[in-house]
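Okay, so here's the structure we're looking at.
Side chains are part of it too, since the values below use all heavy atoms of this structure and drop only hydrogens, waters and symmetry mates. So that the names make sense, note that chain A is the first sequence line, chain B the second, and so on, each numbered from 1.
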Amino acid sequence: MSLPPERLKRRPEFRLVAAKGRKAPMPGLVLQALARTDDGAARIGFTVTKKVGNAVIRNRTRRRLKEAARLWLAEHPAAGVDLVLIGRDGTRKRSFGALKDDFCRALAKMGVT
RNA sequence: CCAGACGGUCGGACGACCGCUGGCGGUAUGAGAGAAACCAUAUCGCUAGAGGAAAGUCCGGGCUCCACGGGAAUACGGUGCCGGCUAACGGCCGGCGGGGGUGACCCCAGGGAUAGUGCCACAGAAAACAGACCGCCAGCGCAAGGACCCCAGUUCCCCGCCGGCAAGGGCGAAACGGUGCGGCAAGAGCGCACCGCGCCCCUGGCAACAGGGGCGGCAGGGCAAACCCCACCGGGAGCAAGACCGAAUAGGGGCGGCCGGCGGGCCAAACCGGUGCAAGCCGGGGUGGUGACGCAGGGGCAUUUCCGUCCCGUCGCCCGGGUAGGUCGCGUGAGGCGCGCCGCGAGGCGCGUCCCAGAGGAAUGGUCGUCCCCUGCUGAACGGCAGGGACAGAACCCGGCUUACAGGCCGUCUGGCAUU
RNA sequence: UGGGGGAUAGUUUAGCGGUAAAACUCCCGGCUCUGACCCGGGCAUCCUUGGUUCGAAUCCAGGUCCCCCAG
């Protein structure tokens, strides 16, 4: 249990969210969300492709996304959704405050509070 | 001081807050009659937490499973001066030979070309049993022509024939040794000296090889990162190895119950025939039952054909294998650090000391501050502002190689300039 | 993890030790009143760095990128 919300781990789960869910692109990240039928804690997954850079850059990108999501969801817990955060080139370059703001606005756009 | 060569080493520092993973300890809960212990989860505290290349995956090993009676050979792949180091290596160290640099030093797949095959374009006469284009020389011929003032001519040139030669010219990356002297009609290792080459001997060295002497009289062009020959090495697969636990569904085995695509067997009923007065008996018949006997069909025995052989439906219970998933493998090791001894060195030996990452959609982070370094702008020193801080992220482990890399530090040495 | 293959003009491919070839595209010129067609000409660090060789796109080694196969 690395985060209060559970982690998405399996490839079919990611594919389901990508196929059925909604997508909100932001300068610092892309958010995909899919409402679930149950009311359990939100599940969250991270995707950083090889296009972004080498292993060091991909690690840095994923860790900043993890931290932004952790800080926001600690104050505003969500339930009944699966979230996938996709890292992009801007994730690494953007200031952390702006990255958190991107995540917040993406959630608002989804209708998830 | 400047320029350079080689070796080693570091890979920003400190702090605050919020987090992550492992370990240890405490507390609470699961928990059942209770206690202890154990396990799981949550939480609190302490503690540890990426590299010199973790990278590329190019070699070598450990480890695990599989195969295998031993050995050898063939094929395939790799390695290739000599000696040493090492668990081993295609690695490293020390030598040797060749090449480069004024030098410190650097670079080299560096065995075999009289085992064979093949290739050497263009140019050039000729490119590998040598041969002779121009040319040089001797002899013979000399019709015509020329030179020698004219004529003549046993003269010369030119020309032709035959022969000797390989110095010179020219081509080429390379021309069947090089330079010099002698010699000769001209020449030629034809002779001599030196150099090169080959063979033999001696000396030094473990050896590669080096030095010296003698002989040969030049034979044997180059290419083996062309085929090849020789010597040596190599069983295969890889932690998704492998071991253990083990859902749902399907499938396997055992036991019991139930029944069927064709054929035939057996049993029984309707019905038919025969017989008998009749009960009945005999034969046919086959709606039903029975038993998995045969056939068909399907499947297994690596693949295809044939043959052979084994198996076969459905329901219930039990059993074992095994998929998803989980646990282990998993870090005490060819281990780090320090000291001493041996060795030119790679390295070896001894003593002391330390325990030092273990994830699994994958922890080792996020934000901020101070300092350090670099760049740009501004600026009288000082300073101010802005931007940046290399290459890169463990995935079973270890020894190497290769590649990437901002900047810094230490040591040894070389060349030059200046000073004493 | 293990194995195999490739990189040549703008594009697709030849070439396998000795002048780098073809088709299409593009550019220039010609033809035409203009355009097309047609005719002539041009366009190459042979991915990169070293090495072997007299000579390398070709052979060997290191590197970069891409593709494929098996698990």
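- As the counterpart of B:G182, B:C190 is assigned, both hydrogen-bonding distances of the Watson-Crick or G-U wobble pattern falling under 3.5 Å.
- Across the protein-nucleic acid pair, A:Asp101 atom CG and B:G366 atom P stand 20 Å apart, rounded to whole Å.
- Using Watson-Crick or G-U wobble geometry with both donor-acceptor distances under 3.5 Å, B:C377 finds its partner in B:G384.
- Between A:Arg62 and B:G365, a side-chain N or O to OP1/OP2 separation shorter than 4.0 Å is absent.
- When the C1' atom of B:G19 is taken as reference, atom NZ of A:Lys100 falls 13 Å away, rounded to whole Å.
- The glycosidic torsion of B:G7 lies more than 90° away from 0, placing the base in the anti range.
- Nearest-nucleotide assignment on RNA chain B puts the 5′-proximal partner with A:Ser95, out of A:Ser95 and A:Asn59.
- Rounded to the nearest 0.5 Å, atoms CG (A:Leu99) and SG (A:Cys104) are 12.0 Å apart.
- Contact between the side-chain N/O atoms of A:Arg63 and the OP1/OP2 oxygens of B:U364 is found at a separation under 4.0 Å.
- Under the Watson-Crick and G-U wobble criteria, each requiring two contacts below 3.5 Å, nucleotide C:G18 is paired to C:C54.
- Base pairing annotation: B:U41 forms a Watson-Crick or G-U wobble pair with B:A28, both donor-acceptor distances under 3.5 Å.
- One C1' atom belongs to B:C199, the other to B:U114, and the distance between them is 14 Å to the nearest Å.
- Syn is the conformation of C:C16, whose glycosidic angle sits no further than 90° from 0.
- Rounded to whole Å, the distance from CG on A:Leu65 to P on B:G361 is 18 Å.
- Between the side chain of A:Arg64 and the backbone N or O of A:Thr91, at least one donor-acceptor pair lies under 3.5 Å.
- For A:Arg88, there are no side chain to side chain donor-acceptor pair (under 3.5 Å) partners, not counting sequence neighbours.
- Across all strands shown, B:G49 forms a Watson-Crick or G-U wobble pair with B:C20, both key distances being under 3.5 Å.
- Rounded to whole angstrom, the span from the CG atom of A:Leu71 across to the P atom of B:G365 amounts to 16 Å.
- Rounded to the nearest Å, the gap between the P atom of B:G77 and that of B:A225 is 14 Å.
- Proximity of A:Gln32 to A:Ile86: side-chain heavy atoms (C-beta onward) are separated by under 4.5 Å at one or more points.
- In this structure B:A50 sits in the syn conformation; its chi angle is within 90° of 0.
- B:A392 atom P lies 14 Å from atom CZ of A:Arg60, rounded to whole Å.
- For the pair A:Val48/A:Ile57, no side-chain contact is recorded, criterion being any heavy-atom separation below 4.5 Å from C-beta on.
- Nucleotide B:U353 is matched to B:G336 when pairs are restricted to Watson-Crick or G-U wobble geometry with both distances under 3.5 angstrom.
- Rounded to the nearest Å, the gap between the C1' atom of B:C157 and that of B:G141 is 16 Å.
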Item to complete: Determine, stepwise, if the pair A:Val30 / A:Thr47 fulfils side chain to side chain contact (heavy atoms under 4.5 Å, CB included).
Response: CA-CA 10 Å; A:Val30 176; A:Thr47 295; over 6 Å; no
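- B:G321 and B:C244 have their P atoms separated by 10 Å, with the value rounded to a whole Å.
- On the P atoms, B:C293 is 15 Å away from B:U309, given to the nearest whole Å.
- Using atom C1' as the reference point in both B:G221 and B:G131, the two lie 16 Å apart (nearest Å).
- Comparing A:Phe96 and A:Asn54 by the nucleotide of RNA chain B that holds the closest heavy atom to each, the one mapping nearer the 5' end is A:Phe96.
- Its glycosidic angle being more than 90° from 0, B:G297 falls on the anti side.
- Look at CG on A:Leu73: it is 15 Å from P on B:G19, rounded to the nearest Å.
- The main-chain N or O of A:Met26 is never found under 3.5 Å from a side-chain atom of A:Asp102 such that the two would form a donor-acceptor pair.
- B:G189 takes the syn form, because its glycosidic angle lies no more than 90° either side of 0.
- A straight line from CG of A:Leu85 to P of B:G366 spans 16 Å, rounded to a whole angstrom.
- With contacts defined as side-chain heavy-atom distances shorter than 4.5 Å, the pair A:Thr61/A:Phe46 does not qualify.
- Comparing the same atom, P, in B:G189 and in B:G178 gives a spacing of 7 Å after rounding to whole Å.
- For B:C150, there is no paired nucleotide, since no Watson-Crick or G-U wobble pair has both relevant distances below 3.5 Å.
- Nucleotides B:C239 and C:G3 have their P atoms positioned 12 Å apart, rounded to a whole Å.
- Listed candidates were B:A363, B:G366, B:G393. Nearest to the side chain of A:Lys66 is B:A363.
- Partner assigned to B:G15 is B:C368, using Watson-Crick or G-U wobble distances below 3.5 angstrom.
- The interatomic distance linking A:Glu67 (CD) with B:G365 (P) rounds to 12 Å, in whole Å.
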